[in-house]
Amino acid sequence: MTDSPVALVTGASRGIGRAIALALAAEGYDVAATARAPRGPGQARPLDELGARVAEFGRRWLPIETDVSNLDGHPAAVERIDRTFGRLDLLVSNAGIAPERRMDVLETTPESFDRVMGTNLRGAFFFAQRAARYMLERSKAGAGLTPRLVFIGSVSAEASSPSRAEYCISKAGLGMAARIFADRLSGEGIPVFEVRPGIIRTDMTAPVRERYDAAIADGLVPQRRWGEPGDVARAVVALARGEFDYSTGLVVDVGGGLMMPRL
């Protein structure tokens, strides 16, 4: 078993997940990361570049090509982490997708709804369940873990967007899932947190970048700038350090004041 703490970051090939994985490596974590496999022959593996960067921090690295919406892949992913590291101290449940096409709530299709829910809520819930079970087993075996769960939610858990209802609903459900895990694990020595990013500059927001540029300039975000993946990563690192372990169930808003009530 490795002496270093081990973090698993889902959906880590780009954007927020990638930034979190690198920040945790810099913090001294060995890192396992998941991403969906390439879609076609000849494509670069989605986690190769990230693995090279993690190695620059002198940390051990385990890439896992899996889709968290496929529940059958969850046991194998955790088993690979166990074989490689013998421990898991931190799950950062970050994998998430947006609707393939924004459409009015009155036009939302069952196919789009199920696709988004499958990753953002169903997949995240059952992956966390599997990881929490493993953490409890290893902790009871005296492995000396410092286990924690962090869910990456969204301000869309509270802010309505009628053009992407399935995304908002999935994140609202994820917020409740984080609270339920925090409640259940509160007596087991496993703090659970939710980080809610606001408008973050990623591939997911790229299609609406001009719209958000104008809205931010008009004061939608009180701090008047885009959020960056590193802003979210720093929040996760603060939680991973244990500074907030007596605040299980905490929701950390990383939105530049976006959700702050104002007159």
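Heads up: numbering here begins at 1 and tracks the sequence.
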T109 vs D114, test: side chain to side chain contact (heavy atoms under 4.5 Å, CB included). Steps then yes/no.
CA-CA 9 Å; T109 65; D114 290 346; over 6 Å; no
Could you go step by step and tell me if F57 and V31 meet the side chain to side chain contact (heavy atoms under 4.5 Å, CB included) rule?
CA-CA 11 Å; F57 292 103; V31 178; over 6 Å; no
The test is side chain to side chain contact (heavy atoms under 4.5 Å, CB included); show your working for L250 and T248 and say whether it passes.
CA-CA 5 Å; L250 177 69; T248 192; over 6 Å; no
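For D231 (side chain) and E228 (main-chain N/O), a donor-acceptor pair under 3.5 Å exists by modelled atom type. With hydrogens and angles disregarded, a donor-acceptor distance shorter than 3.5 Å links the side chain of D89 to the backbone of V6. Judged purely by atom type and a 3.5 angstrom limit, T10 has no side-chain atom pairing as donor or acceptor with the backbone of S93. Distance alone, capped at 3.5 Å, places no donor-acceptor pair between the R196 side chain and the V254 backbone. No donor-acceptor pair closer than 3.5 Å links the side chain of S161 to the backbone N or O of S163. Side-chain atoms of R87 do not come within 3.5 Å of backbone N or O of I81 as any donor-acceptor pair. Proximity of a side-chain donor or acceptor of T84 to a complementary backbone N or O of R80 within less than 3.5 Å is detected. No side-chain donor-acceptor contact under 3.5 Å links K140 to the backbone of M135. Side-chain N or O atoms of Y29 include one that pairs as donor or acceptor with a backbone N or O of A240 at under 3.5 Å.
Looking at L8 and L90, their side chains never come closer than 4.5 Å, going by heavy atoms from C-beta outward. In this structure the side chain of R45 never reaches within 4.5 angstrom of the side chain of L47, judged on heavy atoms. Within the 4.5 Å cutoff, the side chain of P147 has heavy atoms near those of the S139 side chain.
Minimum heavy-atom separation, T108 to A165: OG1-CB, 4.3 Å. Between L50 and A12, the shortest heavy-atom distance links the atoms CD2-O, 3.2 Å. Here the closest non-hydrogen pair linking P229 and G15 is CB-O, 3.7 Å. Considering every non-hydrogen atom in both P222 and M260, the closest pair reads CG-CE, 3.9 Å. Closest approach of P197 and I152 over heavy atoms only: CG-CG2, 3.9 Å. The two residues A35 and P46 make their nearest non-hydrogen contact at CB-CG, 4.1 Å.
Hydrophobic clustering, defined by side-chain heavy atoms of Ile, Leu, Val, Met, Phe, Trp and Tyr closer than 4.5 Å, groups M259 together with V155, I199, V208, Y212, I216, L220, V221, W226, L258.
Annotation: the span from E111 atom CD to E166 atom CD amounts to 11.0 Å, rounded to 0.5 Å. Here the straight-line distance linking atom CG of L145 with atom CD of E137 works out to 11.0 Å at 0.5 Å rounding. Taken from CZ in R115 to OG in S69, the straight-line distance is 9.0 Å, to the nearest 0.5 Å. Separation of atoms CG (D72) and CG (D67) is listed at 11.5 Å; rounding is to 0.5 Å.
When the shell of 6.0 Å around CG of D3 is examined, it contains 12 or fewer heavy atoms from other residues, nucleotides or ligands. More than 12 heavy-atom neighbours from other residues, nucleotides or ligands sit within 6.0 angstrom of CZ on R209. More than 12 heavy atoms of other residues, nucleotides or ligands shown are found within 6.0 angstrom of CZ on R201.
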In a table with atom names and distances, give each donor-acceptor pair under 3.5 Å that connects a side chain of residues 173-186 to protein atoms at least two apart or in another chain.
from, atom 1, to, atom 2, distance (Å)
R184, NH1, E188, OE2, 3.2
S186, OG, D183, O, 2.8

Identify every side-chain donor-acceptor pair in residues 119-130 under 3.5 Å, counting partners at least two apart or on other chains, and give the distances.
from, atom 1, to, atom 2, distance (Å)
N120, OD1, I97, N, 2.8
N120, ND2, I97, O, 2.9
N120, ND2, S170, OG, 3.2

Report all side-chain donor-acceptor pairs from residues 19-27 shorter than 3.5 Å, counting only partners two or more places apart or in another chain.
from, atom 1, to, atom 2, distance (Å)
E27, OE1, R241, NE, 3.4
E27, OE1, R241, NH2, 3.2
E27, OE2, R241, NE, 2.8

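At a threshold of 4.0 Å, the pair R18-E49 counts as salt-bridged, since one of the basic side-chain nitrogens sits closer than that to a carboxylate oxygen. A salt bridge between D213 and R211 is absent, with no side-chain N of the basic residue lying under 4.0 Å from a carboxylate O of the acidic one. The residues R148 and D245 are annotated as salt-bridged, a charged nitrogen and a carboxylate oxygen being separated by less than 4.0 angstrom. Using a 4.0 Å cut-off between charged side-chain N and carboxylate O, R36 and E65 make no salt bridge. We find that D30 and R59 are joined by a salt bridge, their nearest charged nitrogen and carboxylate oxygen being less than 4.0 Å apart.
V195 and F193 fall within a single hydrophobic cluster, where Ile, Leu, Val, Met, Phe, Trp and Tyr side chains are chained together by heavy-atom contacts under 4.5 Å. F151 and V68 fall within a single hydrophobic cluster, where Ile, Leu, Val, Met, Phe, Trp and Tyr are joined by side-chain heavy atoms under 4.5 Å apart, directly or via other members. Residues V9 and L91 do not share a hydrophobic cluster, defined by chaining ILVMFWY side chains whose heavy atoms lie under 4.5 Å apart. One hydrophobic cluster, built from ILVMFWY side chains closer than 4.5 Å, holds both V252 and V232. At a threshold of 4.5 Å between side-chain heavy atoms, the hydrophobic network of Ile, Leu, Val, Met, Phe, Trp and Tyr places V150 and I200 in one connected group.
Shown here are the side-chain hydrogen bond (donor to acceptor under 3.5 Å, both in side chains) partners of S156, two or more places apart in sequence or in another chain: S154, R164. Residues passing the salt bridge (Lys or Arg N to Asp or Glu O under 4.0 Å) test with E56 are R53, sequence neighbours excluded.
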